[in-house]
Amino acid sequence: MRVLIQDSSLPDDSRRADDLMPVKPASGRGRSHGTSRKEAFDRWFRYPAGFASDYVSTLLETLDLDPGSLIIDPFAGSGVTGTAARSAGHSFYGIETHPLIAELANLKLQTPPGSPESLIETASSLAKTAEQMAPSAGDALKKEADLTQRCFQPAVLARLVSLRDIIRAGHAGQWGPYAKWALLGTLRDVASVRVGWPYQRPGSQRQPRFTDPLERFIQRAMWMAEDLQRGVTIRSDISASVTHGDSRDPETWKGAIGAQGCVASPPYLNNFDYADATRLELYFWGDVTSWADMCSTVRSGMITATTQQTSVGAAREASSKLARFVNVGATVQELTAQLQAERDKRNRGKEYDRVIPDYFAAMAQILENLAKSMTSGAPFVWLVGDSAPYGVYIDTPGLIGQIGEQVGFSMEKDIVLRRRGQRWASNQTRHDVELSERLILLRRQ
């Protein structure tokens, strides 16, 4: 039986689970854009829309798992669940489809190549070399992507590029991957235009939060050293890793067999483009050189959660796959028809009707892989929000729960944690459907 719990005695934005979620004022439930700027490991790079580590720790505590249990996260992101699981004494296996973010997540969970103090020494040496070798603000910088050039003052960009080039050349030695992420984490700190999540706006100027990119780079390396020291001292014996791959593919789950728990936050149906959100970092490091390159190498492998990913053929195929989930398939078909009707009313309507079937077909594949990997009685908890594109309400957590019940799980709780969408209240063209962020708890039968 599905139970949707709401504590009506609390303000709407403070609703919580009764016995599953203890009251924690700093739990991060309402933290803007997910991961923390301050928490250990989270602060390496603030990937948007992710978990907060203190919140994950709370969830892990409430699952009452044996020490050393294997925790999995098929939407690993920047590894927040992984670092929290390791700190709690659990092993961890994550899957992440964004290649750059999967690299970051796995880096956090690796044993460092040497004393963390030597990372600080390396960063300081790199900064001195970069200062000496910084190219002029002339022809050398014109080779950079247009987005990169527009985001920074020339003198700042010169130092960033110099630092990048000497890291690429191997001057950081065994600390190269860490130096790379200290640098990538510095970019938005020193940008002179608005580069907040989810969009970079190079035409909108701002005062940089920090003016000296080399000093900020060293500070970030110091944070990493502090966090590595803490992680190595406490849980050096814990097995933890993230693989770059598609969690829809059964092959990516080989390291998850025998899992005793799952804590995750899947992409929301809110038209958020996770590839575009990291465009500045991808362009600056040279992983992609154009929009088309980014779409083919990064976005193409992601779960469809934004209209930029859709196609008529993929939506049709997804609808066919969902037919075996009779009730869910019928609901998705009805939602698709409503969204298509709403799109047809608009001159340039967005293709939400194509997103919906592809999204839930992906969730079904992932839940089936999860069911095959987890031991009998193992719990999993997902944090996910509902949505209402064009005012058509989509009960994303509820539909995911229904799919889960058909592939081998039993639903135990469906809990409203907080209201969402309140910051758009002044938008007169926005729908007035009340949205929430919910926690669903299921258990392998």
Side-chain angles (χ1 to χ4, degrees), residues 33 48-49 145-147 150 193-205 266-280 282-283 288 290-322 328-363 384-396 399 419-437:
H33 304 307
D146 179 66
L147 173 66
R150 295 174 67 191
V193 300
R194 296 190 180 279
V195 288
W197 308 107
Y199 305 114
Q200 290 82 56
R201 291 179 285 172
S204 181
Q205 297 294 311
Y268 291 12
L269 273 170
N270 57 4
N271 212 29
F272 187 94
D273 189 337
Y274 290 89
D276 187 22
T278 54
R279 186 157 44 112
L280 175 59
L282 289 166
Y283 276 37
V288 301
S290 66
W291 178 266
D293 191 14
M294 183 188 73
C295 292
S296 63
T297 61
V298 180
R299 184 199 280 164
S300 61
M302 292 182 166
I303 293 169
T304 299
T306 172
T307 54
Q308 287 91 332
Q309 297 171 274
T310 60
S311 70
V312 173
R316 185 181 297 116
E317 181 180 356
S319 296
S320 177
K321 290 179 179 178
L322 285 171
V328 172
T331 299
V332 170
Q333 188 174 21
E334 181 180 347
L335 290 170
T336 298
Q338 294 179 40
L339 288 167
Q340 183 173 351
E342 291 296 326
R343 177 162 64 93
D344 291 343
K345 296 176 184 177
R346 296 162 171 81
N347 291 330
R348 299 181 64 182
K350 295 184 178 181
E351 299 86 352
Y352 294 117
D353 52 298
R354 298 177 191 169
V355 175
I356 303 305
D358 212 357
Y359 176 87
F360 285 107
M363 289 298 118
V384 63
D386 49 19
S387 61
Y390 292 144
V392 177
Y393 180 67
I394 302 171
D395 182 9
T396 307
L399 289 169
R419 292 180 62 196
R420 296 172 49 242
Q422 299 308 297
R423 61 177 175 157
W424 307 107
S426 60
N427 186 341
Q428 298 300 312
T429 63
R430 182 177 167 81
H431 64 75
D432 57 0
V433 178
E434 183 175 310
L435 300 178
S436 64
E437 188 169 62

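Computed from heavy atoms alone, side chains included, the values below leave out hydrogens, waters and symmetry copies. Fair warning: this is a prediction, and the values are worked out from it, not measured in the lab.
- T396 and G385 make their closest contact through CB-O, 3.5 Å (heavy atoms, listed as atom of the first residue, atom of the second, distance).
- Using modelled atom types, one finds no donor on one side chain facing an acceptor on the other under 3.5 Å when comparing Y352 with E342.
- Between L435 and R419, every side-chain heavy-atom pair lies at or beyond the 4.5 Å cut-off.
- Contact detail for Y393 and E434: the closest heavy-atom pair is CE1-O, 4.5 Å.
- What you find for D293 and S296 is that their closest heavy atoms are O-OG, 3.1 Å.
- Rounding to the nearest 0.5 Å places CG of L282 at 11.5 Å from OG of S290.
- Residues Q309 and M302 are in side-chain contact: their nearest non-hydrogen atoms beyond the backbone lie under 4.5 Å apart.
- Taking 4.5 Å as the limit, some side-chain heavy atom of V332 sits within range of a side-chain heavy atom of P357.
- Look at R150 and D146 and you find a salt bridge, because one of the NZ, NE, NH1 or NH2 atoms lies within 4.0 Å of a carboxylate O, short of that distance.
- Between V193 and R201, the shortest heavy-atom distance links the atoms CB-O, 3.7 Å.
- Interatomic distance, CG of D273 versus OG1 of T306, reported as 5.0 Å (0.5 Å rounding).
- Checked against side-chain contact (heavy atoms from CB on, under 4.5 Å), R348 has no partners two or more places apart in sequence or in another chain.
- Side chain of S204 to main chain of R194: no donor-acceptor pair is present (N/O by atom type, distance under 3.5 Å, no hydrogens or angles).
- Side-chain atoms of V384 and Y268, non-hydrogen and from C-beta on, do get closer than 4.5 Å to each other.
- Put simply, the side chain of V288 reaches to within 4.5 Å of the side chain of T297, judged on heavy atoms.
- With a 4.5 Å cut-off on side-chain heavy atoms, Y274 and P267 count as touching.
- Distance check, rounded to the nearest 0.5 Å: CG of L339 to CD of E334 gives 10.5 Å.
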Please report the C-alpha distance between L269 and V355 in whole Å, then the side-chain angles of each, then the deciding distance to 0.1 Å, and finally whether the side chain to side chain contact (heavy atoms under 4.5 Å, CB included) criterion is met. CA-CA 8 Å; L269 273 170; V355 175; 3.5 Å; yes
The test is side chain to side chain contact (heavy atoms under 4.5 Å, CB included); show your working for R343 and D353 and say whether it passes. CA-CA 8 Å; R343 177 162 64 93; D353 52 298; 2.8 Å; yes
Verify side chain to side chain contact (heavy atoms under 4.5 Å, CB included) between Y390 and Q338, making sure each step is shown before the conclusion. CA-CA 9 Å; Y390 292 144; Q338 294 179 40; over 6 Å; no
Could you pull out every donor-acceptor pair under 3.5 Å between side chains of residues 310-321 and any protein atom, sequence neighbours left out?
residue	atom	partner	partner atom	Å
T310	OG1	T307	O	2.9
S311	OG	A314	N	3.1
S319	OG	A315	O	3.0

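- When every heavy atom of A362 is checked against every heavy atom of I303, the shortest pair comes out as CB-CG2, 3.9 Å.
- Because its NZ or CZ atom is not both nearer than 6.0 Å to the ring centre of Y359 and within 45° of the ring axis, R354 does not count as a cation-pi partner of that residue.
- Note: T304 OG1 to M363 CE = 9.5 Å, rounded to the nearest 0.5 Å.
- At a threshold of 4.5 Å between non-hydrogen side-chain atoms, the residues I394 and D386 do not count as touching.
- To the nearest 0.5 Å, atom CG of residue L147 and atom CH2 of residue W291 are 10.5 Å apart.
- Taking the side chain as every heavy atom from C-beta outward, N271 and P389 never approach each other to under 4.5 Å.
- No donor-acceptor distance shorter than 3.5 angstrom exists from the side chain of Y283 to the backbone of T278, with no hydrogens or angles considered.
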